[in-house]
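Chain letters run A, B, ... following the sequence lines, proteins first and then strands; every chain starts at 1.
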Amino acid sequence: MRCRIWNRHWQWSRKCSKNWRISHLSEPVYQRIRIAEAGSYDGRQVEIAGWLYNLRKSGKICFPQVRDGSGILQCVAVKSALPEELFESLKHLTQESSLIIRGKLRAEPRAPGGFELDVEDATVVQRVSEEHPYPITPKDHGIEFLMDHRHLWLRSRRQHAVLSIRHEVIRAVRDYFDTHGFTLVDTPIFTPAACEGTTTLFGVNYFDDEKVFLTQSGQLYNEATVMAFGKVYTFGPTFRAEKSKTRRHLTEFWMVEPEMAYATLDDVKRVAEEMICFCVDRVLANRREELSVLERDLTKLQAIQPPFPRISYDEAVLALQKKGSEIQWGGDLGGADETLLSEDYDRPVMVDRYPTAIKAFYFEPAPDRPEVALGVDILAPEGYGEIIGGGQRIHDLDLLLQRLEEHHLPREAFDWYVDLRRFGSVPHAGFGMGIERFVTWMCGIDHLREAIAFPRMLYRTRP
RNA sequence: UCCUCAGUAGCUCAAUGGUAGAGCAUUCGGCUGUUAACCGAAGGGUUGUAGGUUCGAGUCCUACCUGAGGAGCCA
């Protein structure tokens, strides 16, 4: 397999340019490895394939730093040990040129990462030209420039770390639900109507003048699938056409939404707490390197242990008023209120039983106090705001019909949803967690846009 | 939709209403252990756009465009 790849490169190189291959060796004796595995190959002859991250040079020695997506490895090319042509071409390599380097790997305390490759041979796959040098230099850049070059910015260490942590979070979320009896049942992206009727939706033309909308939640569909499977979750993209221009909003983001039959608000709180701790532990266990690149304060993440504080909306309003907030009972918590509230705790805080009037139509009212709903928001510490919203759904047919009417929602659009209350309706509950908000919090970064590869925001849909 | 701030070299930024400049990047030269290497030199400009005030505008005024932050909005 390795030889076939090698031969293909070799033939391609001869076709492309006579300068393309600068090797002076003919036998492929080097084992291709990824930089992350360097520790297992001390003293061996290896080959790494990647891109030039940075280059420092003296007169007769140069240090190309190569990244291959798994890590960064410093190489050493010494003039006296290499053919003139090879040394000169390495010395004049441009940033982000793609190349394959072969040589002997060894432990080296002076090198970042602890390992270093003594260059014996190299192949430049594509040289970045001086006329169009790589735009992202190792110096400061403004956010506009970086966002315009997002397709290249992803290669930098910090962005690589953030997206690696995102991957870890997503894997942990799925592992958690997969090992706790939940079935993944994805819900449609095209939906015929508003899930809640209030928020703004992106409309799409769907053949012959029919109008459909991009989903803003899979929850209503989850309420159908959960009656088939008992415990389900949806994981997918979500679209909100809100003209929000803040560091906490994207127009396209990813959300995980579990739903449980025969479950109540307390079950939601228990499962959410357990899942959050599971994900934080995974990130801490598997992504130390990335957290360190991001200079994340680990003690802040290590403090995320059960039990999380649980307070009611009533208590939250009183606490906020004491801290100087203008909030009145009946109003929603603003961004500033969320920060103010969470600064009292070193772990996520659960706020439940919001006024029914400010919650969506499907929330079950508290049996003893119908003016509050059995919903809960979970606010991340350090001012990261709401990461989870959820609660118990109405399971009574008559109450649901009454709510639809009160919210002026079209009965026809909700026929199937209402049907669920006719055939073995049971108390059920669930929640939704925004992946980017969770990742932003894990990484300790200050903007949601870095927690997804290609963010979609108000006024920004490129690249 | 509203408020605030910004737009000058490829990038990050300077420039009292009076000759548009520095660092990085690029090119050339020097350096055998560099850590965003360093030292020397060179090239690189329609100061977001359109008007206006002025002897003279990057700088002041008006409008517009673009971006950022925030508010509103927002399971």
Do A:Asp352 and A:Tyr313 have side-chain N/O donor and acceptor atoms under 3.5 Å apart?
no
Between B:G30 atom P and A:Ile61 atom CD1, what is the distance in whole Å?
17 Å
Please report, rounded to the nearest Å, how far the P atom of B:U34 is from the CZ atom of A:Arg110.
8 Å
By a strict heavy-atom criterion of less than 4.0 Å, which residues belonging to residues 244-266 of chain A are in contact with RNA chain B?
A:Ser244, A:Lys245, A:Thr246, A:Arg247, A:His249, A:Met255, A:Glu257
Whether over 12 other heavy atoms sit under 6.0 Å from A:Glu130 CD:
yes
Scanning all shown strands, the Watson-Crick or wobble mate of B:G7 with both distances under 3.5 Å is B:C65
Rounding to an integer number of Å, can you tell me how far A:Glu108 CD sits from B:U34 P?
11 Å
Please collect all salt bridge (Lys or Arg N to Asp or Glu O under 4.0 Å) contacts where either partner lies in residues 270-280 of chain A, sequence neighbours excluded, each pair once.
A:Asp267-A:Arg270, A:Glu273-A:Arg310
Would you say the ring centroid of A:Phe414 lies under 6.0 angstrom from that of A:Phe361?
yes
Could you tell me whether A:Phe145 and A:Trp153 have their ring centroids closer than 6.0 angstrom?
no
Span that lies between the C1' atom of B:G56 and that of B:C38, in whole angstrom:
44 Å
Whole angstrom value for the distance that separates P of B:A25 from CG of A:Leu52:
13 Å
Taking any strand in view, what nucleotide pairs with B:A22 in a Watson-Crick or G-U wobble way, both distances under 3.5 Å?
B:U12
Select base, sugar-phosphate, or nothing to describe what A:Gln74 touches, counting heavy atoms under 4.0 Å on all strands.
base
Is there a Watson-Crick or G-U wobble partner for B:C28 with both distances under 3.5 Å, and if so, which one is it?
B:G40
Take atom C1' in B:U19 and the same atom in B:C28, then report the distance between them in whole Å.
29 Å
Closest contact, heavy atoms only, A:Arg449 versus A:Pro455:
O-CG, 3.4 Å
Would you measure the distance from the C1' atom in B:C55 across to the matching atom in B:C13 and give it in whole Å?
32 Å
Rounded to whole angstrom, note down the C1' distance from B:U1 over to B:U8.
32 Å
In whole angstrom, give me the gap between the C1' atoms of B:G44 and B:G23.
15 Å
Once you round it to whole Å, what is the distance between P of B:A71 and CD of A:Glu242?
14 Å
Determine the Euclidean distance between corresponding P atoms of B:G58 and B:C73; express it in Å to zero decimal places.
44 Å
Please report the distance, rounded to the nearest Å, between NZ in A:Lys243 and C1' in B:C73.
12 Å
Taking atom types as modelled, find out whether A:Glu120 and A:Gln45 have a side-chain donor-acceptor pair closer than 3.5 angstrom.
yes
Taking any heavy-atom pair under 4.0 Å as a contact, classify A:Asp332: base, sugar-phosphate, or nothing.
nothing
What is the pairing partner of B:G72, taking Watson-Crick or G-U wobble pairs with both distances under 3.5 Å in any strand?
none
Atom NZ of A:Lys91 to atom P of B:G33: distance rounded to whole Å?
14 Å
Would you kindly compare A:Leu458 and A:Lys60 by the position of their nearest RNA chain B nucleotide and give the one closer to the 5′ end?
A:Leu458
Not counting sequence neighbours, which residues clear side chain to side chain donor-acceptor pair (under 3.5 Å) with A:Lys104? List them please.
none
Just to be sure I understand the geometry, which residues of residues 442-450 of chain A put a non-hydrogen atom under 4.0 Å away from RNA chain B?
A:His447, A:Arg449
Span that lies between the P atom of B:A25 and that of B:A41, in whole angstrom
16 Å
For nucleotides 6-14 of chain B, which of its nitrogen or oxygen atoms have a protein nitrogen or oxygen under 3.5 Å away, and what is each distance?
residue	atom	partner	partner atom	Å
B:C11	O2'	A:Asp140	O	3.1
B:C11	O2'	A:His141	ND1	2.5
B:U12	OP1	A:Gly142	N	2.9
B:U12	O4'	A:Asp140	O	3.3

Please report the distance, rounded to the nearest Å, between CD in A:Glu88 and C1' in B:U32.
14 Å
If you measure from the P atom in B:A9 to the same atom in B:A71, how many Å do you get, rounded?
32 Å
For A:Arg150 and A:Gln159, test the side chains for any donor-to-acceptor distance below 3.5 angstrom and give the result as yes or no.
yes
Are side-chain N/O atoms of A:Ser70 and A:Asp68 paired as donor and acceptor at under 3.5 Å?
yes
Using a strict cut-off of less than 4.0 Å between a Lys/Arg side-chain nitrogen and an Asp/Glu carboxylate oxygen, indicate whether A:Glu47 and A:Arg102 qualify as a salt bridge.
yes
Count the heavy atoms of every other residue, nucleotide or ligand shown that sit under 6.0 Å from OH of A:Tyr262, and state whether that count exceeds 12.
no
Any pair counted as salt bridge (Lys or Arg N to Asp or Glu O under 4.0 Å), so long as it reaches residues 246-261 of chain A, sequence neighbours left out
A:Glu259-A:Arg393
